[in-house]
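Have a look at the structure below before the remarks.
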Amino acid sequence: MTPEDHARAAADLLKAERTGQQIGLLSLRHPEIGMDDAYAVQNAIYRQKLAEGRKVIGWKIGLTSKAMQYALNIDIPDSGILFDDMAFANGGTVPAGRFIQPRIEAEIAFVMKSSVGGQNVTREDIVAATDYVAPSIEILDTRIQRVDSESGNARTVYDTISDNAANAGIVLGAERHAVDAFDLRWVGALTFRNGEIEETGLGAGVLNDPIESVVWLARRMAQYGQSIEPGQIILSGSFIRPVECPPGTEIHADFGPFGSVDINFA
């Protein structure tokens, strides 16, 4: 793909976000698309959002579970950018029409107190840079079709990364914990939709330990001259399958002693 292709794809995805009308698969439009192209499209979206006055509040890490990696035939996670207009209050309501096909995932969020970065970032560096961890819900959306109606082709990891890793929103629970207060591998969530349990999982599903997920992000960002900054929120990756959230959905994620998170969809 050329830089012009990247810019055009980013513009199309931004228009889809504004209008609620999905675009076709970039992997069909550009069969040659690769990982660098996908992040170039994401970066073009990032630059445009900054130009529109948005602020970066953190990062999300996706495709951290083996099950999702096997399904997409990849062996690494992906990442996306959290912007200030993506934050929703715990227990709040997402307005009708805000998203196209919203889904949610349960995750452990890291909130940072100091910057951290570099190719040689260690687990100890991440622990030292973390202010606290908290229960969270990530809201996903798809500005790009999940499946092409004509060919039957499903979106690829390159489609997803281009679409800001399908990121759309974040909800933090009220609880705050020191990063070493729990063995994060054993922090789990019971995720309910309209009062019925839909998904369960444990933090160990995230690269065996959510801290290792943040290590991966810091090292990946270093390749692009970036670092994690103080005050930023890092969504470390889901340990449940995405839960569909059509209008009228009420979500409750019960993390046990770690806390809980709620979000509703009008």
Side-chain angles (χ1 to χ4, degrees), residues 1-54 56 59-65 67-83 85-86 97-105 138-170 216-217 220-221 223-226 235 237-238 241-246:
M1 294 176 66
T2 67
E4 291 75 21
D5 292 333
H6 299 150
R8 189 175 304 110
D12 289 347
L13 285 163
L14 287 165
K15 181 180 179 181
E17 184 177 50
R18 290 192 304 270
T19 64
Q21 300 297 313
Q22 292 175 320
I23 69 169
L25 301 180
L26 294 177
S27 55
L28 285 180
R29 186 195 300 183
H30 299 284
E32 76 281 13
I33 190 172
M35 193 73 74
D36 288 342
D37 292 310
Y39 279 113
V41 174
Q42 186 185 117
N43 192 44
I45 290 173
Y46 159 78
R47 292 195 303 270
Q48 182 58 38
K49 283 184 175 284
L50 290 187
E52 293 171 358
R54 298 268 61 89
V56 175
W59 304 81
K60 65 85 51 104
I61 309 163
L63 304 178
T64 51
S65 73
M68 288 300 293
Q69 290 183 7
Y70 291 150
L72 289 172
N73 194 31
I74 63 167
D75 59 3
I76 58 171
D78 69 357
S79 65
I81 307 161
L82 298 171
F83 294 97
D85 60 342
M86 294 179 174
R98 170 68 187 268
F99 300 124
I100 302 171
Q101 293 179 336
R103 299 181 291 169
I104 64 92
E105 294 177 333
E138 179 184 1
I139 302 173
L140 307 174
D141 198 16
T142 48
R143 279 73 57 167
I144 195 165
Q145 292 175 345
R146 296 186 197 176
V147 178
D148 178 66
S149 58
E150 293 186 8
S151 67
N153 287 13
R155 62 181 176 170
T156 70
V157 66
Y158 306 130
D159 293 298
T160 302
I161 291 171
S162 298
D163 192 16
N164 196 23
N167 185 33
I170 175 175
W216 174 87
L217 175 68
R220 191 203 74 78
M221 290 174 64
Q223 299 173 21
Y224 299 92
Q226 300 170 322
L235 292 177
S238 179
R241 292 180 300 181
V243 176
E244 302 283 350
C245 296

Taking distance alone, no hydrogens or angles, what donor-acceptor pairs closer than 3.5 Å link side-chain atoms of residues 2-11 to residues at least two apart or in another chain?
residue	atom	partner	partner atom	Å
T2	OG1	E4	N	3.4
T2	OG1	E4	OE1	3.3
T2	OG1	D5	N	3.1
T2	OG1	D5	OD2	3.2
D5	OD1	R8	NH1	3.2
D5	OD2	T2	N	3.0
H6	NE2	D37	OD1	2.8

With sequence neighbours excluded, what pairs up with T19 under the side chain to side chain contact (heavy atoms under 4.5 Å, CB included) test?
K15, Q21
Side-chain contact test, heavy atoms from C-beta onward, threshold under 4.5 Å: evaluate it for L235 versus W59 and give yes or no.
no
I144 versus G24, closest heavy-atom pair with distance:
CG1-O, 3.4 Å
Nearest atoms (heavy-atom pairs only) where I81 meets N164:
N-OD1, 2.8 Å
Salt bridge (Lys or Arg N to Asp or Glu O under 4.0 Å) partners for R29, two or more places apart
D12
Side chains of E32 and M1 in contact at under 4.5 Å (non-hydrogen atoms):
yes
Between S162 and Y158, what is the shortest heavy-atom contact and its length?
OG-O, 2.8 Å
Of all the heavy-atom pairs spanning A16 and I23, show the shortest one and how long it is.
CB-CG2, 4.0 Å
Using the side-chain hydrogen bond (donor to acceptor under 3.5 Å, both in side chains) criterion, which residues pair with S27? Sequence neighbours excluded.
D159
Among residues at least two apart in sequence or on other chains, which ones pass side chain to side chain contact (heavy atoms under 4.5 Å, CB included) with Q101?
Q22, D141, T142, R146
How long is the span from the CZ atom in F83 to the NZ atom in K49, to the nearest 0.5 Å?
6.0 Å
Side-chain atoms of residues 40-48: list all donor-acceptor pairs with protein atoms under 3.5 Å, sequence neighbours left out, distances to 0.1 Å.
residue	atom	partner	partner atom	Å
Q42	NE2	S79	O	3.0
Q42	NE2	I161	O	2.9
Q48	NE2	E52	OE2	3.1

Taking the side chain as every heavy atom from C-beta outward, state whether L14 and R143 have any pair of such atoms under 4.5 Å apart.
no
Output the distance between atom CG (L63) and atom OG (S238), rounded to the nearest 0.5 Å.
10.5 Å
CD-CG distance between Q145 and N153, expressed to the nearest 0.5 angstrom
11.0 Å
For D148, salt bridge (Lys or Arg N to Asp or Glu O under 4.0 Å) partners two or more places apart
none
From I61 CD1 over to N167 CG, what is the distance, rounded to the nearest 0.5 angstrom?
11.5 Å
Heavy atoms only: give me the nearest T64-G237 pair and the separation to one decimal.
OG1-CA, 3.8 Å
What is the distance from atom CZ of R155 to atom CG of L25, rounded to the nearest 0.5 Å?
9.0 Å
SB check E105 K60 (cutoff 4.0 Å):
no
Side chains of F99 and L140 in contact at under 4.5 Å (non-hydrogen atoms)
no
Please lay out, stage by stage, how L26 and T156 fare under the test side chain to side chain contact (heavy atoms under 4.5 Å, CB included).
CA-CA 9 Å; L26 294 177; T156 70; over 6 Å; no
